[in-house]
Amino acid sequence: MSHPDHETHSNTSDNPHFEDILARGLASPSRRMILRGGVGMAGLAMLPGCASLATAPAPVQALGFPSLDKSLLDDVVLPPGYRYSVVHATGDALSAQLPAYSNTGAETDDWSNRIGDHHDGMDIFFIDDRGRYTDRDTGRAVLVVNHESSADGHFMHPAGQTSNGVSGKKFTQFGDWDLGARPELEVLKEINHHGVSVVEIERGPNGWRMKAGSPLNRRVTAQTPARIAGPRAHLKDIQSQMVTRWDTAGTRSRGTLNNCGHGKTPWGTYLACEENWAFYFQMTAGAAAASGRDAVTRRRYGLPVAAPAAGQTRANSQGWHTVSASDDRFARWNLSAVGASADRDFRNEANTFGYNVEIDPLSPTSTPVKRVIMGRMAHEGAVCSLPKAGQPLAFYMGCDARNEYIYKFVSTAVWDPKDIGGGIAAGDKYLNEGKLYAARFDANGQGQWIELDIKDTKVANYAAFKFANQGEIYIHTRLAADAVGATKMDRPEWTAVNPKNGEIYVTLTNNSAANRTPGRADAANPRAYMDVDGKRGAGNPNGHIIRFRENGDQAAATGFRWDIFLFGAEEDAGDANLSGLTARNSFSSPDGLWFSPTTGICWIQTDDGAMTDETHCMMLAALPGEVGDGGKVTVKNKMVVNGAEQTGTQETFIGAALGEARLRRFLIGPKGSEITGVTEADGGRALFVNIQHPGEESKSVTAADSQWPGNKGYGRPGRPRSATIVITRTDGGVIGA
Ligand code: FEO
Ligand code: CA
Ligand code: CA
Ligand code: CA
């Protein structure tokens, strides 16, 4: 199936592979141009007739496409000369033995060998001719995709989720889920559509496609066993918090949940970050409430402290624990202390979630590892500093909830490029020993990294929670960051590192009126205003992107300089439109964020609810300058709080205005989708992007308000599906240039 502006990829035949075509001398200039060799690699080889690709693409100096107008189409919209095809979508079978996805909820398999739901963070791992990881583009790779899979697992069931024997309920949002009993098959499908997909992809005559049946194809789900890892001196203290009926030593746990942002390590492994895991746990009626320190830590992470009250029908839960109290696959979601001690029940199960989970994508039998020293939070990405031989590595991490913090982990081990390809063993070298910090943004444009250390008197003497040991700091990290006075941010989402200068960018997606009023703004979170047309209330409804540069460009620095790169806004937002956005580049709620290492383009992706009456979520290309290239501004804030107008001013630092020349709207998604996850191949000529939860606001599974991608010829039409797409230019050029 095709369409003038895109090619939907429905070719799952066993067509010849690129290498076969090369070997047979069949490649011709009329085929899509393909670059052999990757970024910064000498000795580029290429297809005959592609002499124009003889040099590696240089960083893009000017954006080479027209900025898109807003769109409300149920399709992926791209500039003229660009097209997309689908690489894989929710439910696609990873093995040739499974039937193709019905898209009606008819599957009776447990989903553990199908592509998961809610495609999110993503990265690509190239494979050399000996089957090992390489950072060179070889034309063969595995694509690793997070499946955030949050609140709406209904499309995979015939009539939506079933609870208490009633199907078709629309489970709206966290905190509003039905507490009735769930059927086993539905729950197994839901458990398994979470996690991560690892899929071999290869470049053929029709572009990149999934290789169904590859031995490298793998699902890591919410049931896959993982190892608990941490610093040697504190590992026993950590494991004692992880003791459950399933592993009474606390050395292992099961599964990963709500993998949102991600990280790629310099040695070639994947970090799947666990975000909204807290909302999966519940307690059973009549169970004793948690108390003391346990109650404090549960509250701080949004976990249930007491059983639902008599007659209560809705609360945080997917109801997974309701299937069976004796089957550990289900009982583990119940945090009640039903046994005589912690090794007889699952009261500690939630302590095993909230981490960065390291996966070796090229080793399908390897055990994923939970890197506890990187802290427990609503993790949103773990992006590495530019690696420098002989120096420590820093990983930058946001905790995505209102008023949460930005963190970094600095490795004790110094970077040795010989560890490239070292897999999980290299992870054990870099990600078990080091220092964990939380960020404080000061009003003078400077910032401090404050180490989370039990020897710090602010931590040791913290009144709200008495840490027993350093191991507890890695598990109850938010409380330690509270203790040291880290800066409460407007929902930290993704982090990205500018390959040109090592500066770190963090999306702050939005915040509510309960947290940002004119009186509660600060320099780093300076806006408090009303959504211009009232769709999303007040606070910081459109979000911003902050950036900072480490002192001395050192990953281990304890101080930095910051400014605000961009403020999201509708173009008619008046004083709130501080970055001078126009109808052609206005955006709201920045979330995904990534720099292309080839072109240097900063790709910004949105997950918005404030502007969706005018345009679906989008992806923009930006050409940033650097921290300090703008100046000081005074933000004029105005909000109505409880019927009374509040005003105030707040000074902050803003980057140089980009204008339409350096900030353009490149992609707009289908109805109800967010755009998230981006990576590239072919020296920037193929861009992979994830379309998450089209049709999210649907009230019915059979009359959904999006039909993408089935409406464009991918798979069986009907219900909407999350998907990975790959974007190319019809002339084979570099994306964005
Ligand atoms: Fe999963 Fe914070 O976005
Ligand atoms: Ca508007
Ligand atoms: Ca996100
Ligand atoms: Ca609005």
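As the structure lists them, so they are numbered: ligands from 1, and atoms in each ligand from 1.
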Check: Is the distance between the ring centroids of H118 and H693 under 6.0 Å?
Finding: yes

Next item on the list: Give a yes or no on whether the ring-centroid distance for W494 and Y505 is below 6.0 angstrom.
Entry: no

Margin query: Using the ring centroid of each side chain, check whether Y270 and H262 are separated by less than 6.0 Å.
Written below: yes

Next item on the list: Taking the six-membered ring for Trp and the full ring for Phe, Tyr or His, determine whether the centres of H193 and H147 are under 6.0 Å apart.
Entry: no

Next item on the list: For the pair Q692 and D120, evaluate side chain to side chain donor-acceptor pair (under 3.5 Å) and give the outcome as yes or no after the intermediate values.
Entry: CA-CA 7 Å; Q692 185 184 124; D120 207 316; 3.0 Å; yes

Checklist line | is_close_aromatic(Y714, W708), centroid dist under 6.0 Å | finding: no

Item checked: Ring centre gap for Y396 and Y407 strictly below 6.0 Å -> no

Notebook entry, point to check: Ring centres of Y355 and W277 under 6.0 Å apart?
Noted result: no

Next item on the list: May I ask you to list the protein N, O or S atoms found at less than 3.0 Å from the Ca ion (ligand 3)?
Entry: E493 OE1, D591 OD1, D591 OD2

Check: At distances under 3.0 Å, what protein N, O or S atoms surround the Ca ion (ligand 4)?
Finding: D531 OD1, D531 OD2, D533 OD1, E570 OE2, A610 O

Note to self: Salt bridge or not between E274 and K370? Use side-chain N to carboxylate O under 4.0 Å.
What the structure shows: yes

